[in-house]
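Per chain, numbering begins at 1; letters A, B, ... match sequence-line order. All of these numbers come straight from a predicted model, not from anything done at the bench.
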Protein chains: 2
Amino acid sequence: MLTYELEIKLTNIFDVARKAGVSKSTVSRVFSHGYVADATRRKVILAANELNYVPSLLARQLRDQKTRTIGFIAKSYYPSVGVLLNFVTHFAERKGYNVTVYFTKSKKDEIRILDNFRLHALDGLFFVANRNDWSFIERYAKYGPIVTWRRIKSNKVYSSFIDHYPLYKEILEYIYNKYGVQKVGHILNDPTKNNTKARLKAINAIDQKYPNADNQWQLFYPEQEGAGEKAANKFLNNRDAPKIIVAYSDYVAAEFISNLHAQGLRVPNDIKVFGFDNSDFGKFMNISTIDTCLNLQVKNDVNYIISNLEQKDFYKEEIHPRLIKRSTC
Amino acid sequence: MLTYELEIKLTNIFDVARKAGVSKSTVSRVFSHGYVADATRRKVILAANELNYVPSLLARQLRDQKTRTIGFIAKSYYPSVGVLLNFVTHFAERKGYNVTVYFTKSKKDEIRILDNFRLHALDGLFFVANRNDWSFIERYAKYGPIVTWRRIKSNKVYSSFIDHYPLYKEILEYIYNKYGVQKVGHILNDPTKNNTKARLKAINAIDQKYPNADNQWQLFYPEQEGAGEKAANKFLNNRDAPKIIVAYSDYVAAEFISNLHAQGLRVPNDIKVFGFDNSDFGKFMNISTIDTCLNLQVKNDVNYIISNLEQKDFYKEEIHPRLIKRSTC
DNA sequence: ATGAAAGCGCTAACAG
DNA sequence: CTGTTAGCGCTTTCAT
C-alpha cells in the first residue's frame with residue numbers, strides 16, 4: 001500500500017502571490033486574461049515556475065460552472081461504440097473539450113448523469129443510446145446541448161441522423177440488378193427505432209415497385225452483440241430462408257457470416273450478405289456495405305455541442321453515404 | 001441558437017436550508033453523513049424535493065479534492081483500445097468511478113493530463129500507451145495510483161502485464177507440432193517494448209532448441225492500424241517468405257489475411273496465420289489465437305487503482321491465458 | 001442535535 | 001495597472 005501526497009495542500013495562487021510580492025488577483029490575471037505590467041508578469045511567472053504552480057482545474061470549474069467536458073452515453077459496448085467514441089473524442093479534443101464515458105445499466109444511471117449535466121458537471125451530452133424516453137431527456141435540454149446520432153424528431157435534442165430510407169432502397173435495387181428480383185432476408189435492429197422504421201418503409205416501397213419481391217423474412221435484434229449468431233441459427237434451421245441477407249451493420253453481418261462458415265456454407269457462393277456502416281469488419285471480411293460516413297455524423301454532433309456552448313453559428317456538414325461493392329454480395 | 005439556463009444560480013444547500021428553516025450544515029449532513037434528528041431530516045428532504053435540489057458535484061470535488069474519475073490515456077484508436085476502455089469503464093463504474101478518455105497527440109498533451117492528475121482533477125491513471133518516458137511518468141505516482149497493461153518494470157507504476165515469453169514459445173511449439181519445424185514469419189510490435197522483447201527472447205530459445213528452426217523473417221510495426229496491410233505487401237513481394245505467419249494481434253492478423261485474400265491467396269491452404277489476443281476479429285475470421293484474458297488484466301488494473309484510493313488491500317487475480325485452435329493455423 | 005465559520009482555489013466586479 | 005472583496009456550493013471542525 002502506497003501513501004500519496006493527497007493531503008498536502010496544493011501550491012495555490014496565494015502562495016505564488018506571496019512569493020512574487022503581489023496580490024492573488026494579479027497572479028490570476030497572469031494565468032487567465034487581464035492586463036498585467038510586463039515586469040509584474042515576469043515576477044509572477046518566475047515565482048510560479050519555482051513553486052511548480054499549475055492553476056487548479058477543480059477551482060476553475062466550480063468558479064465558471066463549466067467543465068469543458070462532454071458526456072458520452074451508451075448502454076453497452078460493441079465495436080461501433082468504440083468508433084463513435086474515437087470520433088467524439090477526436091473532435092472534442094481539438095476544441096479543448098474532454099469526454100467522459102458512461103455505460104448506463106438502468107434508467108436511474110441515466111438520470112444521475114442528466115442530473116450531473118444540470119449541475120454543470122457536464123457541458124454537453126452525446127447519446128449513443130438512451131434508456132429514458134426522449135421526451136424525458138428533452139427536459140434537460142434547457143441546461144445545455146444534447147445530441148445523438150440516432151434518428152429522432154426533436155427540436156430540443158439535435159440529431160445527426162442520416163436517412164436510411166433511400167439507402168436501403170439503394171441496397172435492394174443493387175441486389176435486384178445484380179441477382180434478379182428474388183427473396184431477400186433482413187436482419188434488423190429494434191423495430192421501434194426510426195432507422196428501422198425507415199428501412200421497413202423502404203422495403204414497403206420496394207414491394208410496391210416489384211411485384212415479385214419477397215421481403216417477408218425479417219429478424220429483429222436490438223442488441224448487436226450476438227445478433228449475427230442468432231440470425232445464423234434461424235437461417236440454418238429454415239430451409240426456405242432467402243439466399244441473400246441484408247444485415248443492419250457490418251459487425252452483425254460479420255458474425256452472421258462467421259457462423260455460416262462454421263457450418264460449411266460459403267459466401268457469396270451459397271449465400272450473399274450485405275452489411276451496413278463500413279467498419280473494419282466489413283473491410284477485412286470483404287463485405288459489401290454502405291459507407292455512412294460516421295465521422296461526419298459525429299463531427300456534426302460535436303460541432304453542434306461546441307458551437308452552442310460557445311455561442312457560435314453551427315454549420316452542418318452535408319453527408320453523402322455511398323454503396324461499396326465488395327465480394328459478399 | 002438556443003439559450004441555456006446556464007447563468008441561473010443552482011438551487012443550493014442554502015436555499016434548501018432556508019426553506020426547511022434549518023442551517024446549511026444540517027442540510028449538508030442530510031445529504032452526506034452525519035446525525036440529524038428524524039423530524040429535521042424529513043423537513044429537509046421535503047424542502048429539497050420541492051426545490052428539486054441535487055448536491056453539486058463540482059463543489060464536492062473542490063471540497064474533497066477528489067473527483068472519483070479515472071483517466072484513460074491512449075495515443076490513438078484501434079479496436080483493442082475500445083475493448084480496454086469498455087473493461088476499464090465497466091469495472092470503474094461498479095465502484096462508482098467515472099472514466100475520462102484522452103488521446104494524446106504529443107508529450108505536452110500527456111503532461112497536461114499528468115498535471116491535472118497532480119491537481120486532483122483525476123484520481124487515477126490508466127495508460128494504454130505513453131508518450132513520455134516511464135521514468136518521467138513515475139514522478140507523478142506520488143500523487144495517486146498509475147497503472148498500465150503494458151509490460152514495464154516499476155515499483156511506482158503498477159503493471160498488469162502477462163508474460164508473452166511462454167505464450168510465444170507455446171505458439172511456436174504448437175506450429176512445429178502441427179506442421180513440422182520450418183520457416184515461420186513474425187509480425188511484431190515496437191521492438192523497444194518489453195512484450196516484443198519477450199517474444200524475441202522466446203524466438204531465441206526456440207532457435208536454440210530446434211536447430212532447423214528459421215525465424216529470421218521479422219517485421220516490426222508499432223502502430224496496429226495498417227500494420228496488416230504493410231506486412232501483406234512485404235509478404236507478397238517476397239517469394240522466399242515463410243508459409244506460416246504469427247501476428248501480434250488478431251486485428252493485425254485479420255488485416256493481413258484480408259489483404260492476402262484480395263490477392264487470391266487462401267488461408268490456411270496457401271498460408272497459415274496465427275493471431276494474438278482473441279478479439280472479435282479472431283472469432284469472426286476464425287483465426288487461431290491466444291486468449292489473453294484482457295478483462296482480467298484490466299480488472300487487476302482497476303482494482304489496484306481503487307483499492308489504493310480507498311486504502312484497501314489489493315488482491316491480484318491470477319491470469320491463465322490459453323491457446324485457441326481455429327482454422328487459420 | 002444543530003448552527004457558525006473557515007476553507008477548498010479561482011475569477012471578476014469594483015475601487016483606487 | 002493592481003489590490004480588495006465577494007462568491008461558486010459544499011463539508012467539517014468547533015461551539016453551544
Original post:
Would a distance-only check, ignoring hydrogens and angles, find a side-chain to backbone donor-acceptor pair under 3.5 Å from A:Thr40 to A:Val36?
Top reply: no

Original post:
Within the structure, does a side-chain N or O atom of B:Tyr53 lie under 4.0 Å from either OP1 or OP2 of D:dC10?
Top reply: yes

Original post:
Tell me: CD of A:Gln61 to P of C:dC10, nearest whole Å?
Top reply: 13 Å

Subject >> Salt bridge present between B:Glu93 and B:Arg68 (N-O < 4.0 angstrom) >> reply: no

**OP:** Identify which nucleotide among D:dC10, C:dT11, D:dT2 has an atom closest to any side-chain atom of A:Ala37, counting heavy atoms from C-beta outward.
**Re:** D:dT2

Original post:
Between atom CG in A:Leu58 and atom C1' in C:dC8, what is the gap in whole Å?
Top reply: 9 Å

**OP:** Establish whether the base of D:dG3 is bridged to the side chain of A:Arg29 by a donor-acceptor pair shorter than 3.5 Å.
**Re:** yes

Subject >> Integer-rounded Å distance: C:dA1 P and B:Lys24 NZ >> reply: 22 Å

**OP:** Answer yes or no: side-chain N or O of B:Ser32 and base N or O of D:dT12 forming a donor-acceptor pair under 3.5 Å.
**Re:** no

Original post:
Taking only N and O in the side chain of A:Arg60, is any of them less than 4.0 Å away from OP1 or OP2 of C:dT11?
Top reply: yes

**OP:** Would you mind reading off the distance between A:Phe14 atom CZ and D:dG3 atom P, rounded to a whole angstrom?
**Re:** 12 Å

Original post:
Of the candidate nucleotides C:dT2, D:dT4, C:dC10, which contains the atom at the shortest distance from the side chain of A:Arg63?
Top reply: C:dC10

Original post:
For the pair made of NE2 in B:His120 and P in C:dC10, what is the distance, rounded to whole Å?
Top reply: 11 Å

**OP:** Please work out if A:Ser56 contacts a base, only the sugar-phosphate, or nothing of the nucleic acid, heavy-atom cut-off 4.0 Å.
**Re:** sugar-phosphate

**OP:** Check the distance between D:dT2's P and A:Tyr35's OH and give it to me in whole angstrom.
**Re:** 13 Å

Original post:
Rounded to the Å, how far apart are A:Ile13 CD1 and D:dG3 C1'?
Top reply: 13 Å

Original post:
Using 30° and 60° as the class limits, which term best fits the ring planes of A:Phe72 and A:Phe126: parallel, tilted or perpendicular?
Top reply: parallel

Original post:
So does B:Thr40 reach the base of C:dA1 with its side chain, donor to acceptor, closer than 3.5 Å?
Top reply: no

Subject >> Residue from B:Asp123, B:Ile73, B:Leu125 passing side chain to side chain contact (heavy atoms under 4.5 Å, CB included) with B:Phe117 >> reply: B:Leu125

**OP:** Assign A:Thr26 to base, sugar-phosphate, or nothing according to its heavy-atom contacts below 4.0 angstrom with the strands shown.
**Re:** sugar-phosphate

Original post:
Taking CG from A:Asp15 and C1' from C:dC10, how many angstroms apart are they, rounded to a whole number?
Top reply: 13 Å

**OP:** Could you pull out the closest heavy-atom pair between B:Asn130 and B:Lys75, with the gap in Å?
**Re:** O-CD, 3.7 Å

**OP:** Could you check B:Val27 against A:Val36 and say which one's nearest nucleotide on DNA chain D is further toward the 5' end?
**Re:** A:Val36

